[in-house]
Amino acid sequence: ETEMFYIINEYWDLGFRAAWFDATIEQWDFRFCGSGEESSSDQLLCPADSGDPLNSLPPINTNLQLGYTRPLSMHWVFDSRLNWTWRSEPRGGIEFEQFKSDKNIIGLSLGLTSPTNGLSLRLWGKNLTDEDLNVDPVARTDGTPLLPAPYGGRYYPGREYGLTATYNF
């Protein structure tokens, strides 16, 4: 992991973060079941074989931020931040083509803060490009062949907007 922030001038700053994760399964000599999908309805999913990826998460995650802060008056400060996050392709184990690509996620926030009276107003947007952020999607068997296979994964929200108001006493 790495993190760097640079103050460009009195008003602007630039930040960069990067993380790399490339875990694999090590030697797995004594297994209680075969690797991969369950072989019976009452058996849990077993780990993959030695050398296979530990999970299907993207191995590379980066984030670039551009910030701007400027006093508007003696009582008000304007600040903004533009975020761009890039996630590489998942390592493997993804069964569905639409989830195999890398992801670009854009966010923006605009705010007014008054340090003298403790009021802060912030307008924000997350995932503005509305990327599909299903992590580790997979069709799982449930042991009953008459029912369709459930579709699993961890879902993150799509496009979000909001207004946050805070007051400090």
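Between Glu160 and Trp124, some side-chain heavy-atom pair lies under the 4.5 Å cut-off. The closest side-chain heavy-atom distance from Thr85 to Leu64 is not below 4.5 Å. In this structure, Leu108 and Leu128 have side chains that are in contact, with non-hydrogen atoms separated by less than 4.5 Å. Residues Ile7 and Phe5 fail the side-chain proximity criterion, which asks for heavy atoms closer than 4.5 Å. Considering only heavy atoms from C-beta on, Asp13 stays 4.5 Å or farther from Leu66 through its side chain. By the 4.5 Å heavy-atom criterion applied to side chains, Phe78 and Leu110 are counted as neighbours.
Checking Asp102 against Ser88 by side-chain atom types alone, no donor-acceptor pair falls below 3.5 Å. Side chains of Asn104 and Trp84: a donor on one and an acceptor on the other come within 3.5 Å. Under the 3.5 Å distance criterion, with hydrogens and angles disregarded, no donor-acceptor pair is assigned to the side chains of Trp76 and Thr113. Side-chain atoms of His75 and Thr116 form a donor-acceptor pair, as typed in the model, at a separation below 3.5 Å.
Annotation: salt bridge (Lys or Arg N to Asp or Glu O under 4.0 Å) contacts of Glu1 (sequence neighbours excluded): none. Every residue two or more places apart in sequence or in another chain that forms a side chain to side chain donor-acceptor pair (under 3.5 Å) with Tyr68 is listed here: Arg70. Remark: Thr69 engages no residue in a side chain to side chain donor-acceptor pair (under 3.5 Å) (not counting sequence neighbours).
Between Arg122 and Ser109, the shortest heavy-atom distance links the atoms NH1-OG, 3.5 Å. When all heavy atoms are compared, the tightest approach of Trp86 to Ile60 is CZ3-CG2, 3.7 Å.
Leu112 CG to Leu119 CG: the interatomic distance, rounded to the nearest 0.5 Å, is 9.0 Å.
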| said: Could you walk me through whether Thr129 and Asn127 satisfy the side-chain contact (heavy atoms from CB on, under 4.5 Å) test, starting with their C-alpha distance in whole Å, then the side-chain angles of each, then the deciding distance to 0.1 Å, before giving a yes or no? | reply: CA-CA 6 Å; Thr129 55; Asn127 193 10; 4.0 Å; yes
| message | Assess the residue pair Ile105 and Arg87 against the criterion (side-chain contact (heavy atoms from CB on, under 4.5 Å)); give the C-alpha distance rounded to whole Å, side-chain angles, the decisive distance to 0.1 Å, and a yes or no. | response | CA-CA 8 Å; Ile105 304 156; Arg87 296 177 180 162; 3.9 Å; yes
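Hydrophobic clustering places Met4 together with Trp20 (ILVMFWY residues linked when any side-chain heavy atoms are closer than 4.5 Å, directly or through intermediates).
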